[in-house]
Structure formats: C-alpha cells, structure tokens
Amino acid sequence: MEKTYDPRSIETKWYKIWEERGCFAPSGKGEPYCIMIPPPNVTGTLHMGHAFQDTIMDALIRYHRMKGDNTLWQPGTDHAGIATQMVVERQLNAEGVSRHDLSRDDFVRRVWEWKEKSGGTITNQLRRMGASVDWQRERFTMDEGLSTAVREMFVRLHQQGLIYRGKRLVNWDPTLHTAVSDLEVENRVQAGHIWHLRYPFADGVGHVTVATTRPETMLGDTAVAVHPDDKRYADLIGKEVILPLTGRSIPVIADEYVDPEFGSGCVKITPAHDFNDYAVGQRHALPMINIFTIDAKINESGPEKYRGMDRFDARKAVVSDLEAQGLLEKIESHKASIPYGDRSGVIIEPFLTDQWFVRAGPLAEPAIEAVRAGRIRFIPGNWTKTYYEWLENIQDWCISRQIWWGHRIPAWYDDAGHVYVGHSEHEVRESHGLGPDVPLRQDEDVLDTWFSSALWPFSTLGWPNDTDALKTFYPTSVLVTGFDIIFFWVARMIMAGLHLMDGQVPFHEVYIHGLVRDQDGNKMSKSKGNVLDPIDLIDGIDLESLLQKRTTGLMQPHLAPSIEKATRRQFPDGIKAYGTDALRFTFAALATTGRDIIFDMGRIEGYRNFCNKLWNAARYVLMNTEHQDTGLNPADAVELSLPDRWILSRLEATTQSLNSAIEGYRFDQAAQAIYEFTWNEYCDWYLELSKPVLNDSRSSDAEKRGTRRTLVRVLESNLRLCHPFMPYVTEEIWQRIGPLAGTAGDTIMHQPYPQMGETESDAIAIAEMDWTKNFIMGVRRIRAEMDISPGKQLPLLLQGGTDADRERLERNRRYVEFLARPESITWLRDGDVAPESATALVGDLKILIPMAGLIDKEAEIVRLTKEIGKKQTDVDKGEGKLANESFVAKAPAAVVEKERARVAELKAAVDQLNSQLEKIRAL
RNA sequence: GGGCGAUUAGCUCAGUGGGAGAGCACUGCCUUCACACGGCAGGGGUCGCUGGUUCAAAUCCAGCAUCGCCCACCA
C-alpha cells in the first residue's frame, strides 16, 4: 500500500467493478427495502444539495443491503418541463432564433437532442458520489412507461371528476407565456407606492378616492367597493362613478372584503387582474375585463392610447394622465409583496385563461389522515405541521402549462368545442363513436412537471401494470428530500399514491434534510458566486479554473470582480482533492436533524485526514499480519491480551452505536462514533499496545496469534461499519484485510453489517484498561508539563495503592513500559521516604518521578497548585450539594450515592496532592 | 398576521433534568520503525437575556431580544 491515501486511484476503479458486476441490483432475498431517488433534472448538474442527499440515501441503502434486505435504490431523471425548455430556448436565442421559428415538433426534437447530449452528466456525477443505484432500472419521466402512467392518472382522475377544465384567474408568466401553479410563485417584499385615485361620480358632484398599488389595472375596473357597514359611504352604495380615462360608468358596491380602516376605505375592483377582486366580481356578477395581452401589454379592451404599452409603461402613462386631469390625490410609499415567477424571475400577472385543474380537496383528506394515523412518519416530526397546514388550506392545482416540453394533455376537441379525454385519440374515437371524418385536435398544453413526479414511487415500478417490482417494493421505505419540495412533491406523491394505489402510502417515512449553505451561511447560488461543485471537492480544482467557473455565464456580469476577489481570498490555492469518501463523511457528520448545514472546508479536510488515518492503520495491520499467522486455524491456541479484550468490547459498543444511529437517521452520531473508535481507540491505543506484544520475543505464539487476529478482525469489522459512509476506501482496504480475517468475498458491499452481540463486552477488561491508560497518561502529563523529552527514560516510584493495583501493574507491565518509557518501576514500602518528586495519581496509587536533575521545584509547585485548584472547585461544588438537606432527601438514592463517591474520590486526590505540595514546599 | 427553527469554546456544531463536549483553529514539545493528512500534552465557554418550576436547569415552562425560513388576498 502507498504511504499516503490517494482517493483518485481507487474510486473510479471500484465503481466500475461494482457496476459491471451488478452489485447494485436487489438481491431478491430478504425484507424489501426501497428508496426512490428524487429525480434530478435530466439536463442538470450535481450540486451540493444532491451530493448531501445522495450521501444519506446511499448510506441507508448500503446499510440495508449489508443487513441482508432485498434492497432497491431506484434511479432516474426528471424532464423538468419549464426549466429544460428554458435552457433550450436560451440556446436557440443565442443562435438568433425563437422557438416560434421552429415547428413544435422540431422544437421538441431539439429538446430531446439536448437531453441525449447532456443527460449523462448528472448520472455520471451520481456515479462519482459512489451512489449504489440500480442502473438497470433507470427511468426518465418522459419515457414510454411513465408517460403511460401519466395518461392513466389523468384519465382516471378526469373520470372521477377530480380533473376539470375551466376559465379561471391563474398565475400567468408574461415572458414564458404559460400559467404556473401557486407554488411556482415566489413573493418578495419590495418598496413601492400606493396611488390614491379619484373617480368622479356619474351625477357630476364630487368623487370617491380609491387606493391602489397597480394604477394601470384601473383600465379594467368594473366596480368600486366599500364595506357594507361603513357609515361614511353608506349612501354611495348603488351610485355610479365614471372610470377616468375610459369614460365607462361603474357601480359602487358593498362587500365585506373591504377593510374600512385601510387607505380610504374604498377599493377599485378589477376582477380580471386581481385574485381578491376576482372573488368580489364573482359574488357581484361583475363583468371581467381582461386588459392585457399574453405579454402583459395593454390589449384592445383598453383605451386606444395605451394599447400595446407594456404594463409598466402603461402605469406611468395612466398615472401622469390622471395627474394631468387632477385625479391623482397623492402617492404614498408602501411595502408590498410582489409575485415573481420562480423560473423566469419576472413579475407574475393574475390572468384569465382556460386551464386544467386537479380538484385537490378530496385528495388532500386521505393524505392528511395517513400522516395523522402514523402510516407516514416525518423525520424530524415537526414538518408534519407544515404539511398539515398546506393540505388543510389547499387550493385546486393548475396542471396545464402553455409550453411544448412535457406530457401532452390527453384531451381532444372537435370543431364544436366538445372535449374528449382518453388514453389516445384512437381510444377517444372508439369510445365516443367518432368516425375518421370527424376532425379532432389534441389539447396544445402539456402537464405540470410535478404531475408526473407525483407518480414516481409507483410509475417507476411499472404501474399501471401489476408488476413484481411494484408488488415487492411499494410502499417504499423512506423518502429522503429537502423541505423545499414538501408541497411540490412530497404531498402530491402522498395524494397520488393513496388515490391510485388502493390507499397504500408511497413511503413509510420521510426524512427531511436541510439546505447546504456556504461558509457564511448564505445559500449557494451562481449569482452569488459562492457555489461549490461536489466534483471539485472530490477531484480538486486550481484557482484559475475555479475563477473561470464562478465568473462566466453570470446573469449579472458586473458582479464578476467581487466574486473573483472573494474566491481568491477564500481559495488562494484553489481547492485540494479530498476524494468522495471524505466528502461523504463530511455530509454525514454534518447531517444533524432538520437544520441547514454550513459547509466548512475545515471539516472536509479533517475527514480527508481521517481517511488517511484509516489507510495507515490498515498499512500497519498488513505489515504485521500479512503472510503471518492470524489465528485462522481453529486448532491453534489463541490467547487474547487485555488490549485485545478491551478493543473487542469497544467494537461491540461502537457497533451498537452505529446500528442505532443509522436506524434513527442520526448520521452525525454514526460518523462521530466511527471517528472516535477508529482514531481515539483503535489507532491511538490499540495499535500502540499491539506493538509490545508483537515485538517482544518473550510473547508466546498464542499471544501473538491473538493480537494479530484481533488486529485484523477489529479492522475488518470496522471497515464494514464504515462502508455505508466511505464505500471506496473501505472496499480497497477490505480486499486486503478480509482474507486475513477469514471473511473473503467479492465485495465488502455484500458482507453482513456488524450486528450487536457478535463480540463480547468485557467489563473487567474495560476497567483494567482504564487503569492502565490512566497510569500511562499520568506519566505522560508529568513529562509534557515538565518539559522532559518523551524519549528520556525515567525512574518511577510507586506509593500507596492496593493489592489490586500491584496485580494490575504486573499484568500490564509491558504496556506501561512501552508507552510510559520508565527506566525502572519501584514500589516504595511503608516507611520508605520518597525523594523529592513530581506526582500523578491513579486512584489511591501515587506515581512519583524523582525530580533530581530533571524537574524544577517551582514548576512542580505551579503544576500541583493548578491541579489541586481544579479538583477543589469540584469538591466544593459537590460538598455544597451534599450539604443541602433537600438534595439528600429528595434526589434519587443512586444520584446521591454517586455524588458521595465522586466527592470522596476527589477529596482523597486533593489530600494526596496537598501533602505532596507541602513536601515539595518544605524542601 | 400565523407557523417553524436557531442563539453552547475563535469557527462549524453535538449535548434535552444530576460531573459543560467534539472537529477545526490556537499554544508547547516531538523528524519514536502505520500515519507530520502524524504523535503527546495543554489553554479556551457566567450554554442570548429575564423570570419561574425543581433538591437540582444548557436541558422543562413563560416572557424578551437578535437572526433565519415557510405560509397568508388586505387594495
């Protein structure tokens, strides 16, 4: 093995082997365990959120696979309608063409081409992450099977009256020229204005003043509303006002929607351009005048002067014209929330159009019930509140989109405007008796991307066919996803799953993880120039390439210099190659329940070092065990040393921690348990303690065999424990170590995950090992604090202590001699006078190191005083507690007893140290 | 307006009723035959604030402050 761990050389090698050998496919045996990957955009690239999510899923998948479950991780990608269409349109624009210059078919063909070309990027990046998905089963939301599922769902829901078509006010994107759902609208609070406008009465006397944030929409007003109980305006109700600039006469109506306290208490009503006004308009049967084109320019319903004007130009024109006529009373500053399209970034316009909708209410009820009844569990649990709140107030879902890339709506129209819904035109003609002479045209619209995503847990398994996969893996085990798509996706999968799969939930658990943020807690985004590419953390990247990546293709190119500056400051030497395992381990360690994670470069560096530590531990083990007797022959006697028994006990405890941490989705705790065991116990103590056994010619063969066997066995088990988090380095090492432990196989992936009870927990060994460690640490502390070089051999004098201490020392003398490096160890007898010494305590046992020529008197006084001070503080606290009668009377006996014992022990130590201090002072 | 969450060492975070913890960073010593991506030792925190419950509060309750996120039609 190389001296330094080099991830690059092992990662691609192993992934290829695993994939080629079909290691990722379900075994067909055991309990089914299934995770559906949240399908990334097929044309997308891997970002930190994916990498985080994939790490968690892969850890769960590998853990369950090793546990012997019939494990499926279902991969696939999403066609991501609007997002993908936008990308291709941008490419066309760069060529100077618009999609409207192409036919629809040509455009869609072009998108498919782009999909074929770029579709491998994200799946290959997924491979770099080590994701053990079953590629044989890979699906795409627009492939044939899934499209069939989409049509099936549409037809069924339509038959059941749960999908309908109608003219409604929807969120309209004026640049994309499509409706979007409520969820795709992002409200941003912005500073703006309120304009107070005067509408003159038709009878020629006076005016009412209305307040609005959208003066241009006044061209489509069809009423003015006041509150029915507002005494100020009671006599106005029923009167007519003249709508300025248009000359139209519109009524003053009464509606409870109006808040008399706000503004003037009079509201202009524009039913075709405001959601509230729409509702008022419906209640009062007001005309709905649409004044916008699909580009949000004034259409022919507006006065001639404004036609063709963009909505913002129209606003200026309307305001200045009203002002000229003395109809602008005042302008106030105002903060309002403005709706933006989450994809296009432009202001969304409420717009009256024909659209398809899903009646969400009836689907929401069972979805709420399933979570309430505990059939689906959210982790962490507080997300249920968010989930309930949304579903309890759910609005009908607008599912039609006026774009070209997506599942075409399976509805056909005849010339008379009748609509027929079916799986195909053929089926529609047959079932409705429409001959070939009847012209039918299919609805031009496509479905919201999330419509097909909602079916993902069962469409990927073959639904609507009753496949074996569907029977085996549905309901799936757990969904791993971010909170940002609980509404978009999670809730809709639950609704669709319960409805179409006979009331069966799509997954039993939902693990919600946080967002990955940059080192300052900011969201990573291209425009902020703070994006980290997981692949760059794996492979490393030089500064120039990183700058290039971060500053090209910016929406706002003027930000480039500041991005460059910040990048140069943070990564003066670019980014080092940390490898997949280190990246994955970092994500696991940061995956605490339900909060965002701040990605810290220090962490990944630390965990890369951890990989190196594991690597070098393996090197040491191999050097001492390869081609040697590791106790595989059961006929040979094997004797386990104290450190052997101790590390096996610690392994057992670690195994227990890991199993329960993973079962409880506490990947941070799992990572910590692995780290501590490997580094602080196995490497820092056990490997060191194996040296005196293996290198001592006095050790028996049985002892050496026992130690070699324990070295390889514990490492081998530890590799299996670590494998779900660090698949590559563990596989690479395991291939060498496995045979020495007698557990060879094709791959560590298919080895059993260590289970509790496989090794014995030996409390006596743990206690004795603690004693030994304390002894060694006591000597080390004196050395370090007295500036005695670690190599310098010291005479040790032992005083006090029990027979047990004597026995322990004799049993473990070789460890003490190896790690504490004494020149000699001498027990003082009662009455012996100790020379001036520095002191360490191991319980009642006093370790003395004579100061002659080595230790400065003043330094030892300082050291002892500090030590006593610390302990005395604890004694005082504890004695205070015990002096409190209420404590002694009311606290559980065990707690009181523990406190007594602790104080007694501390006190004894303080006394010992004090007498030592006195002795030294007296010198 | 409603909901959720955060506030613990310089930084990133664990800890949810009984002795304040980890990693990184920092200090000192050490080129010891697995590893300097290392070893040994060490320094560092009135656990946001105020009250309450309790024998006992970082931990439970109430209030406050600051920061974040989500939802909501007040023109």
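- Of the residues Arg315(A), His273(A), Lys268(A), the one that meets the side-chain hydrogen bond (donor to acceptor under 3.5 Å, both in side chains) test with Thr217(A) is Lys268(A).
- Nucleotides U50(B) and A65(B) place their C1' atoms 10 Å apart, quoted to the nearest Å.
- The NZ atom of Lys3(A) sits 10 Å away from the C1' atom of U31(B) (whole-angstrom rounding).
- Below 30°, between 30° and 60°, or above 60°: for Phe585(A) and Phe725(A) the angle between ring planes is above 60°, a perpendicular geometry.
- Remark: P of G5(B) and CH2 of Trp383(A) are 9 Å apart, rounded to the nearest angstrom.
- When heavy atoms are screened at a 4.0 angstrom cut-off, Thr4(A) is found touching base atoms of the nucleic acid.
- In this structure, Lys871(A) does not reach the G19(B) phosphate: none of its side-chain N or O atoms is under 4.0 Å from OP1 or OP2.
- You'll find that the side chain of Met777(A) is closest to A41(B), out of C55(B), A41(B), G19(B).
- Considering only side-chain atoms of Arg603(A), the nucleotide from G18(B), U12(B), A34(B) that sits closest is U12(B).
- The residue Tyr257(A) sits close to a base: some heavy atom pair falls under 4.0 Å.
- Contact annotation for Lys691(A): base contact, defined as any heavy-atom pair under 4.0 Å involving a base atom.
- OP1 and OP2 of G42(B) both lie 4.0 Å or more from every side-chain N or O belonging to Lys866(A).
- Under the Watson-Crick and G-U wobble criteria, each requiring two contacts below 3.5 Å, nucleotide A75(B) is left unpaired.
- Atom CD1 of residue Ile733(A) and atom CE of residue Met1(A) lie 4.5 Å apart, to the nearest 0.5 angstrom.
- In this structure, Met786(A) atom CE and C30(B) atom P are separated by 16 Å, rounded to whole Å.
- Here the nucleotide nearest the side chain of Phe487(A), chosen from G18(B), A34(B), C70(B), is C70(B).
- Counting any heavy atom pair closer than 4.0 Å across all strands shown, Arg781(A) reaches sugar-phosphate atoms only and no base atom.
- The phosphate of A75(B) has neither OP1 nor OP2 within less than 4.0 Å of any side-chain N or O from Lys268(A).
- Considering only the side chain of Arg780(A), A41(B) comes nearest among A34(B), G23(B), A41(B).
- When distances are taken from the side chain of Pro892(A) to each of A75(B), C55(B), G28(B), the shortest belongs to C55(B).
- When distances run from any side-chain atom of Asn609(A) to the nucleotides G38(B), A75(B), G19(B), the shortest one goes to G38(B).
- Taking atom CG of residue Leu515(A) and atom P of nucleotide C67(B), one finds them 21 Å apart after rounding to whole Å.
- Under 3.5 Å, the side chains of Gln872(A) and Asp876(A) contain a donor-acceptor pair of N or O atoms.
- None of Tyr388(A), Trp390(A), Phe483(A), Phe378(A) except one satisfies the ring-ring contact (aromatic ring centres under 6.0 Å, His included) rule with Trp383(A); the exception is Phe483(A).
- Here C33(B) presents its C1' atom at 11 Å from CD of Glu688(A), a figure rounded to the nearest Å.
- Counting any heavy atom pair closer than 4.0 Å across all strands shown, Ala617(A) reaches a base atom.
- Separating the P atom of A41(B) from that of A6(B) is a span of 36 Å, rounded to the nearest Å.
- Using a 4.0 Å cut-off between charged side-chain N and carboxylate O, Glu817(A) and Arg821(A) make no salt bridge.
- Ring geometry for Tyr675(A) against Tyr607(A) counts as perpendicular: the plane angle is over 60°, on a 0 to 90° scale with 30° as the lower cut.
- Straight-line distance from the CD atom of Glu216(A) to the C1' atom of A75(B): 13 Å, rounded to whole Å.
- Contact annotation for Leu687(A): base contact, defined as any heavy-atom pair under 4.0 Å involving a base atom.
- Within 4.0 Å (heavy atoms only), Trp195(A) reaches no atom of the nucleic acid at all.
- Among the protein residues, Val888(A) comes within range of no part of the nucleic acid, since none of its heavy atoms lies under 4.0 Å from any strand.
- A41(B): Watson-Crick or G-U partner is U27(B), with both key distances under 3.5 Å.
- Taking atom CD on Gln395(A) and atom C1' on A72(B), their separation rounds to 11 Å, with Å as the unit.
- Using a 4.0 Å heavy-atom cutoff across all strands shown, Gln519(A) reaches no nucleic acid atom at all.
- A41(B) atom P lies 14 Å from atom CZ of Arg821(A), rounded to whole Å.
- Both Glu785(A) and Phe610(A) sit near RNA chain B, but only Phe610(A) has its closest nucleotide nearer the 5' end.
- Annotation: Glu905(A), atom CD; neighbour count of heavy atoms from other residues, nucleotides and ligands within 6.0 Å does not exceed 12.
- C35(B): no Watson-Crick or G-U partner with both key distances under 3.5 Å is found in any strand.
- Counting heavy atoms of neighbouring residues, nucleotides and ligands inside a 6.0 Å radius, atom CD of Glu823(A) exceeds 12 of them.
- Contacts of Cys683(A) with the nucleic acid, taken as non-hydrogen atoms under 4.0 Å apart, include base atoms.
- At the heavy-atom level, Asp259(A) lies under 4.0 Å from base atoms of the strands shown.
- Distance check on atom P: U31(B) versus G39(B) gives 16 Å, rounded to whole Å.
- Relative to the side chain of Arg619(A), the nucleotides C35(B), U12(B), A41(B) differ in distance, and C35(B) lies closest.
- In this structure, of G18(B), G3(B), C74(B), it is G3(B) that holds the atom nearest to the side chain of Glu389(A).
- Donor-acceptor pairing under 3.5 Å is lacking for the side chains of Tyr5(A) and Asn616(A).
- Checked against C37(B), G23(B), A36(B), the side chain of Asp600(A) finds its nearest nucleotide in G23(B).
- Each of C35(B), C55(B), A75(B) was ranked by its minimum atom distance to the side chain of Ala336(A); first place goes to A75(B).
- G43(B) and G28(B): their C1' atoms are spaced 10 Å apart (whole Å).
- Residue Thr592(A) places at least one side-chain N or O closer than 4.0 Å to OP1 or OP2 of A14(B).
- As judged by a 4.0 angstrom heavy-atom cut-off over every strand, Phe262(A) is placed among the base-contacting residues.
- Judged by closest nucleotide on RNA chain B, Asn616(A) is the one of Asn616(A) and Cys266(A) placed further toward the 5' end.
- Here, G23(B) and A9(B) have their C1' atoms 12 Å apart, quoted to the whole Å.
- Residue contacts shown for Asp684(A) are limited to sugar-phosphate atoms, with no base heavy atom under 4.0 Å away.
- At a threshold of 4.0 angstrom between heavy atoms, the contacts of Arg666(A) are confined to the sugar-phosphate backbone, with no base atom among them.
- Base pairing of U12(B): its partner is A22(B), meeting the Watson-Crick or G-U wobble criterion (both donor-acceptor distances under 3.5 Å).
- The partner of G48(B), taking Watson-Crick or G-U wobble pairs whose two distances both stay under 3.5 Å, is C64(B).
- Taking the C1' atoms as reference points, A14(B) lies 15 Å from C24(B), given to the whole Å.
- Residue side chain Gln669(A) does not reach the base of A22(B) through any donor-acceptor N/O pair under 3.5 Å, judged by distance alone.
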